[in-house]
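What follows is a set of notes on a single structure, which appears directly below.
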Amino acid sequence: IEKILTDAKTLLERLKEHDTAAESLIDQSAVLHQRVAAMREAGAACAEQGPGTAAERTDLSRLRPHVLLSQENTQIRDLQQENRELWISLEEHQDALELIMSKYRKQMLQLLQGRKGEDAEPVLKAHQANSLEIESQIDRICEMGEVMRKAIQVDDDQFFKVQEKLAQLELENKELRELLSISKESFEVGREDLPD
């Protein structure tokens with residue numbers, strides 16, 4: 001597997017190099033194409049001017065645009081041929097890389113399927129143990145919740161009893177004060193009725 005991975009990395013590096021070379025060739029061919037177009041425009045402009053003076057004709061003969069055009073055309077053809085070869089090489093590398101990756105995926109799948117039976121047993125046991133522990137903790141939490149519910153109920157009952165007793169004592173206190181005030185009034189009235 002490591003050998004396959006190293007081969008895949010080297011192929012990938014080569015593909016990147018070929019890709020950059022192809023891009024540079026494309027850029028060069030675009031520049032050449034622009035130069036050819038400029039020369040064609042210059043040639044067309046000269047043809048439109050027609051026959052000029054002898055000095056102008058000697059300037060044009062010195063430029064020899066047809067010689068330059070033919071040289072650039074051969075360069076363009078060479079670049080296009082090299083570009084085609086690079087594209088073919090790139091496609092071959094991509095096919096080889098895809099083949100390597102498919103074999104790698106197949107081997108990894110077989111390896112994982114072979115290990116799946118062995119690795120599943122301890123994982124399953126650990127999962128079952130964890131699920132049993134979680135169930136016991138949930139049961140304990142439910143029991144604690146029930147105890148807390150009962151304690152709250154007892155506290156509520158106790159609170160209501162205390163409230164009820166307090167209300168009874170307040171009522172009794174009020175009645176006793178009324179009786180006390182009545183008895184004080186009757187004692188004072190009785191005192192007033194007595195002769196000095």
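Just the heavy atoms: all of them, side chains too, but no hydrogens, waters or symmetry mates, feed the values below.
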Within one Ile-Leu-Val-Met-Phe-Trp-Tyr cluster: Leu5 and Leu11, side-chain cutoff 4.5 Å: yes
Cationic N near anionic O, under 4.0 Å, Lys165 to Glu172: no
To the nearest 0.5 Å, tell me how far Glu17 CD sits from Thr20 OG1. 6.5 Å
Does either side chain, that of Gln81 or that of Arg84, offer a donor lying less than 3.5 Å from an acceptor on the other one? yes
Between atom NZ of Lys9 and atom CD1 of Ile100, what is the distance when rounded to the nearest 0.5 Å? 13.5 Å
Sidechain N-carboxylate O distance under 4.0 Å for Lys161, Asp157: no
Could you state the interatomic distance from NZ (Lys103) to CD1 (Ile4), rounded to the nearest 0.5 Å? 8.0 Å
Can you tell me how far apart CZ (Arg14) and CG (Leu12) are? Round to the nearest 0.5 Å. 11.5 Å
Hey, could you give me the CD/CD distance between Gln137 and Glu133, rounded to the nearest 0.5 Å? 5.0 Å
Quick one: CD on Glu185 to CD1 on Ile182, what's the gap to the nearest 0.5 Å? 7.0 Å
Look at the side-chain heavy atoms of Ile, Leu, Val, Met, Phe, Trp and Tyr, link any pair under 4.5 Å apart, and say whether Trp87 and Leu15 land in one connected group. yes
In terms of side-chain geometry, is the basic nitrogen of Glu146 or Arg149 positioned less than 4.0 Å from the acidic oxygen of its partner? yes
Side chain proximity check, Glu23 to Asp19, heavy atoms < 4.5 angstrom: yes
